[in-house]
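Per chain, numbering begins at 1; letters A, B, ... match sequence-line order. Only this structure's heavy atoms are used, side chains among them; waters, hydrogens and symmetry mates stay out. What you see is a predicted model, and the numbers here were worked out from it, not measured in a lab.
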Amino acid sequence: MSEQKKTTIVLFSGDYDKVMAAYIIANGAAAYDHEVTIFHTFWGLNALRKDENVMVKKGFMEKMFGKMMPRGADKMGLSKMNFAGFGPKMIKDVMKKHNAMSLPNLIEMAQEQDIKLVACTMTMDLLGLQQAELLDNIEYAGVAAYLADAQDGNVNLFI
Amino acid sequence: MNADKFLDAKGLACPMPIVKTRKSMKELESGQVLEIHTTDKGAVNDLTAWAASGGHEMLQHLEENDVLKFWIKKA
């Protein structure tokens, strides 16, 4: 077979629905035997957060950011019809009924399929997120590493 | 039709049928046939496109009592 194809996704959003779309496409691409990279920046970084409180030294602003952002993918809101947190509850219920995989499961599946999960270090600094707060077995990089993957990629998305 | 391996993907939603199909296909040798059952309506287009992309041959697909059945021969 020809050389392995590549899919790269920039995950900028931190909404449950948008992150879910990104991870479904990523898992699908991995099933297509693509080499898949998801580059998490800004609000997308919250998808990589551990759901427990990790004790790390932070300044006041960083602490505030940490408190106000969702701790992990499962705590994200919806981009539409969030209804102060009631929306996600409804959609998770519907997803269960239709046997759709939950977002945490999709992320786990992505790791099982060797999808490269990358955290943007510059925005980690801005939002005050530290490596100890993010999932294990992810990579840390900047725009150049992302472009290196994307420039000879076949599918490239910004979500 | 005879199959070398059977994958029951009934009730699973996108993208799981494709993810599981790829996993099962990896366990087969070239020329062997995988039989897949699914209830995901997108599977006809999904599996056909997936098989073509990997060079596999879609031998047959049919619908029986809302279950979609596929036979794919590994390239």
Side-chain angles (χ1 to χ4, degrees), chain A residues 1-9 11 16-38 47 73 88 90-117 153-157 159, chain B residues 3 5-59 61 63-75:
Chain A
M1 226 164 52
S2 57
E3 205 182 304
Q4 197 177 25
K5 292 189 171 164
K6 274 190 186 184
T7 290
T8 48
I9 298 174
L11 182 56
Y16 193 95
D17 43 356
K18 292 189 184 184
V19 176
M20 192 171 151
Y23 270 87
I24 286 178
I25 296 168
N27 276 302
Y32 258 81
D33 281 316
H34 285 201
E35 193 187 315
V36 187
T37 303
I38 308 179
M90 290 197 298
I91 202 134
K92 280 173 203 172
D93 228 50
V94 175
M95 279 164 60
K96 225 176 247 161
K97 214 167 81 189
H98 289 273
N99 249 326
M101 274 182 98
S102 70
L103 185 48
N105 282 342
L106 281 167
I107 296 175
E108 208 174 288
M109 171 71 56
Q111 290 192 301
E112 265 173 42
Q113 293 209 86
D114 293 320
I115 290 174
K116 200 159 89 181
L117 304 181
N154 305 81
V155 178
N156 185 31
L157 298 171
I159 299 177
Chain B
K5 194 174 167 62
F6 171 65
L7 170 65
D8 184 5
K10 290 197 288 291
L12 298 177
C14 176
M16 290 317 292
I18 286 286
V19 171
K20 294 234 163 163
T21 298
R22 177 204 183 216
K23 264 190 193 154
S24 301
M25 211 61 163
K26 279 203 156 165
E27 292 160 17
L28 289 182
E29 307 285 333
S30 174
Q32 287 187 310
V33 175
L34 176 67
E35 179 177 349
I36 306 145
H37 291 187
T38 172
T39 46
D40 175 22
K41 292 285 175 259
V44 177
N45 282 325
D46 269 16
L47 281 173
T48 307
W50 180 86
S53 165
H56 310 299
E57 189 186 345
M58 176 73 77
L59 297 175
H61 71 85
E63 187 173 347
E64 252 175 34
N65 308 322
D66 285 333
V67 178
L68 297 157
K69 301 178 177 181
F70 303 86
W71 287 266
I72 302 176
K73 189 171 161 188
K74 183 165 177 167

Crowded around [X] [atom1]? As in, over 12 foreign heavy atoms under 6.0 Å?
X	atom1	value
B:Glu63	CD	yes
A:Lys18	NZ	no
B:Lys69	NZ	yes
B:Lys20	NZ	no

Nearest heavy atoms of [X] and [Y], plus distance in Å:
X	Y	value
A:Asn27	B:Val19	O-CG2, 3.9 Å
B:Trp50	A:Tyr32	N-OH, 3.3 Å
B:Ala13	A:His98	CB-O, 3.7 Å

Original post:
With only heavy atoms counted, which part of B:Lys23 is less than 4.5 Å from chain A, the side chain, the backbone, both or neither?
Top reply: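 For B:Lys23, side-chain heavy atoms alone lie under 4.5 Å from chain A.
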
**OP:** Check whether B:Ala75 gets within reach of chain A through its side chain, its backbone, both or neither, counting any heavy atom under 4.5 Å.
**Re:**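 No part of B:Ala75 comes within 4.5 Å of chain A.
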
**OP:** Kindly indicate whether the side chain of B:Ser53, heavy atoms from C-beta on, has any atom under 4.5 Å from the side chain of A:Asp33.
**Re:**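 No, side chains not in contact.
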
Original post:
Given the options A:Ile25, A:Ile24, A:Leu106, which has more heavy-atom pairs under 4.5 Å with chain B than any of the others?
Top reply: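 Most pairs with chain B among the choices: A:Ile24.
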
Original post:
Is it the side chain or the backbone of A:Met95 that comes within 4.5 Å of chain B heavy atoms, both, or neither?
Top reply: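 No part of it gets close to chain B.
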
